[in-house]
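This report refers to the structure that appears directly beneath it.
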Amino acid sequence: MTTDRTAPLGAADPGPASSPQEGSGPAPEADGRLRGRVPARARITAWVVLLMTATLAMVNIVTWQALRTGVDERIDRALSQEINEFLEVARDGTDPTTGRRFPDVDALLRAHVGGQHPDRHEIIFGHVDETAGAAVSTGRVRQGQSPLFDASADGPVREAILGSPNARGVTDTPEGPLRWEKVRVNPPGGATEANPGGWFVIGYFADADMAGTDRTARTLVLVSLTGLILAGAAAWWVAGQILAPIRLVRQTAAQITEEDLTRRIDVSGKDDVAALAEQFNGMLDRLEEAFSIQRRFVDDAGHELRTPITIVRGHLEVMGDDPEERREVLRLVTDELDRMARIVEDLLLLAKAQRPDFLHPVSVPVEELTSDIDAKVRTLGDRSWRLEGIGEGPVRLDPQRVTQAMVQLASNAVRHTGPGDEIRVGSSVSEDGRTVEFWVGDTGPGIAFEEQERIFDRFARGSGGGGSRGGAGLGLAIVRAITDAHHGTVEVRSSPGAGARFTLTFPTDVRSPMH
């Protein structure tokens with residue numbers, strides 16, 4: 001707030017700038033389950049209506065505030081304009097109608113106020129002190145038109161305005177708040193009892209203009225509500241049209257069973273719903289393949305276990321009373337049972353490879369892990385073992401699973417080679433330190449090119465030299481499962497008669513299992 005401004009007759013001085021007072025202006029089973037849920041169509045419509053409500057509320061509030069701010073600014077400009085016009089007349093000190101200087105403050109106020117023609121929302125009046133420095137109820141002059149409320153004739157209101165230490169303010173009246181601005185007028189040389197000073201006051205009844213703003217805001221609210229209802233109805237209809245194809249997806253999913261995975265959804269269009277149908281068909285393709293692999297796996301496992309069971313039963317049925325024959329039969333039966341146990345253990349291991357807790361990554365030095373692997377594989381057979389290379393540096397992986405994969409590869413190499421043949425193992429770390437390799441190489445008969453990818457499948461056996469080994473065909477499948485769990489790769493380089501080299505590549509920082 002600022003102090004009053006004074007305007008001496010003939011030498012008006014506006015004084016410090018004034019500012020407005022703060023606070024002015026403000027399927028049957030599936031269908032049964034679905035009945036307890038909120039339909040997607042209703043949720044979409046509700047969200048659209050909610051977002052539009054929030055947006056329209058913000059628009060209405062901002063618009064209302066902008067309109068009220070505009071009214072406040074317009075009132076402030078009107079008050080300042082009237083004050084500035086009076087200050088120009090007071091500074092000049094000459095009556096424009098007679099060309100003579102004003103003899104006193106009363107003549108200045110009567111000449112200026114009497115010539116003003118404000119609207120009914122404004123009031124302009126002057127007040128001349130009866131004695132210097134005292135505001136009294138006499139010596140007032142007001143505009144010719146009648147204002148909404150004559151604040152100059154109302155003693156308490158006039159006293160509140162003239163007695164305020166501020167140059168601008170707001171005073172309550174029966175017609176609502178009166179926003180006013182005043183300026184002090186003194187004759188040259190200062191006010192005396194013979195020639196007292198006075199006040200020039202301009203006031204504005206803001207409620208009239210604010211009422212128009214409120215009417216505009218109410219109209220905007222009604223239009224917004226109408227638009228909100230129309231938008232909600234449109235959202236309900238559009239959501240129904242968009243979600244209609246999804247009903248087909250749900251119906252198709254309800255008709256799919258484990259025995260029949262051949263049904264697919266006809267895809268038309270290029271929108272998100274069409275993309276959903278394509279993804280759904282892709283999921284069915286993967287499910288059909290998974291079930292097919294599962295059936296094949298069960299069939300193959302049954303076939304692999306059926307053979308040793310048949311052998312055991314056959315030997316037991318023909319076993320005689322001869323002690324030597326019994327010992328031989330028991331040896332054969334025990335061997336077959338051991339083989340069955342190995343098959344079951346391998347199957348369990350492959351099943352566990354799909355679980356999140358299959359791996360337990362820890363930090364381990366590559367050189368220490370390589371040395372441990374080399375020491376363990378040397379006990380697998382009478383071969384010429386050679387440690388071909390040792391990587392250096394810490395890596396994070398599951399050392400037990402890596403060792404298991406390397407021992408499996410070394411066992412395969414032993415089965416493919418004879419006494420004295422060379423088997424090479426080793427490790428290395430890439431130059432950028434992001435991957436580590438472990439390998440096993442042998443001088444065996446090698447693997448045909450067309451079989452190099454197939455040998456990693458479950459129950460697959462290579463044609464070269466594999467018949468004599470009698471394995472179940474799960475070893476290399478376990479190796480691939482371990483590398484996949486590490487987000488790594490396994491590759492084989494071989495040609496018939498030139499041996500084989502299996503290389504396992506792992507990232508050096510395994511943080512989580514693949515599944």
Side-chain angles (χ1 to χ4, degrees), residues 290 293 297 301 341-380 385 387-415 423-442 453 455-460 471-493 500-515:
I293 293 174
F297 175 78
R342 288 194 300 270
I343 293 174
V344 172
E345 289 176 359
D346 290 345
L347 290 175
L348 289 175
L349 179 61
L350 289 172
K352 290 180 180 178
Q354 310 301 318
R355 292 167 47 178
D357 59 349
F358 178 64
L359 293 184
H360 298 282
V362 296
S363 181
V364 60
V366 177
E367 55 272 25
E368 178 180 327
L369 179 57
T370 305
S371 298
D372 291 346
I373 292 173
D374 178 61
K376 292 176 181 179
V377 299
R378 287 178 181 271
T379 63
L380 296 177
W385 296 96
L387 184 56
E388 198 170 39
I390 299 180
E392 295 182 357
V395 293
R396 183 178 178 82
L397 41 72
D398 190 330
Q400 294 184 359
R401 294 302 184 190
V402 173
T403 301
Q404 185 177 14
M406 289 291 288
V407 170
Q408 183 64 56
L409 292 177
S411 297
N412 284 350
V414 170
R415 287 196 295 269
I423 299 178
R424 303 174 302 276
V425 296
S427 66
S428 66
V429 178
S430 63
E431 293 183 359
D432 58 8
R434 294 184 178 181
T435 59
V436 58
E437 291 184 351
F438 295 88
W439 65 83
V440 175
D442 61 54
E453 186 64 28
I455 59 175
F456 293 100
D457 296 335
R458 297 178 181 183
F459 304 110
L474 294 174
L476 293 181
I478 292 174
V479 172
R480 167 166 282 181
I482 292 174
T483 55
D484 288 346
H486 281 85
H487 306 281
T489 59
V490 55
E491 65 175 7
V492 57
R493 294 182 182 179
R501 177 186 174 97
F502 290 84
T503 303
L504 309 180
T505 304
F506 304 105
T508 55
D509 189 10
V510 178
R511 289 293 175 180
S512 61
M514 181 183 64
H515 300 284

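On a predicted model such as this, the values are computed, not experimentally measured, just so you know. For this chain, numbers begin at 1 and follow the sequence in order.
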Revision key, fill the gap. Value for OG1 (Thr403) from NZ (Lys376), rounded to nearest 0.5 Å, stands at 5.0 Å
Practice item. Side-chain contact test, heavy atoms from C-beta onward, threshold under 4.5 Å: evaluate it for Val429 versus Glu392 and give yes or no. Key: no
Practice item. Report yes if the side chains of Asp398 and Val362 come closer than 4.5 Å at any heavy-atom pair, otherwise no. Key: no
Check your understanding: Nearest 0.5 Å, what's the CZ-OG1 distance between Arg401 and Thr483?
Key -> 13.0 Å
Exercise for review: Could you tell me whether a side-chain N or O of Thr508 sits under 3.5 Å from a main-chain N or O of Val436, the two making a donor and an acceptor?
Suggested key: no
**Study point:** Heavy atoms from other residues, nucleotides or ligands near CZ of Arg424 exceed 12 (cutoff 6.0 Å)
**Key:** yes
Practice item. Report yes if some heavy atom in the side chain of Ser411 is under 4.5 Å from a heavy atom in the side chain of Val414; otherwise report no. Key: no
Review point. To the nearest 0.5 Å, what is the distance between CG (Asn412) and CG (Leu476)?
Key: 5.0 Å
Exercise for review: Using a 4.5 Å cut-off on heavy atoms from C-beta on, say whether the side chain of Phe438 contacts that of Leu369.
Suggested key: yes
Revision key, fill the gap. Minimal heavy-atom distance between Leu359 and Ala485, with the atoms involved, is CD1-O, 3.1 Å
Practice item. Please round to the nearest 0.5 Å and tell me the distance separating atom CD of Gln404 and atom CD of Gln400. Key: 9.0 Å
**Study point:** Heavy-atom pair of closest approach, residues Val492 and Ala500
**Key:** CG2-CB, 4.5 Å
**Study point:** Check: Ser430/Thr435 side-chain N/O donor and acceptor closer than 3.5 Å
**Key:** yes
Check your understanding: Can you name the closest pair of heavy atoms from Leu387 and Gly426 and give their distance?
Key -> CD1-CA, 4.4 Å
Review point. If you round to the nearest 0.5 Å, how far is CG of Leu397 from NE2 of His487?
Key: 12.0 Å
Review point. Is the closest side-chain heavy-atom distance between Val395 and Phe506 below 4.5 Å?
Key: no
Study note, to complete from the structure: In terms of heavy-atom contacts, Pro394 and Ser363 come closest through CB-OG, 4.1 Å
Review point. Say you draw a straight line from CG of Leu409 to CH2 of Trp439; how long is it, rounded to the nearest 0.5 Å?
Key: 13.5 Å
Check your understanding: Charged N to carboxylate O under 4.0 angstrom, Arg378 versus Asp374?
Key -> yes
Check your understanding: Has the side chain of Thr370 got a donor or acceptor atom that lies under 3.5 Å from a matching backbone atom of Ile390?
Key -> no
Exercise for review: With the side chain counted from C-beta on, respond yes when Leu504 and Ile482 share a heavy-atom pair under 4.5 Å apart, and no when they do not.
Suggested key: no
Review point. Are side-chain heavy atoms of Arg501 and Thr503 found at a separation under 4.5 Å?
Key: yes
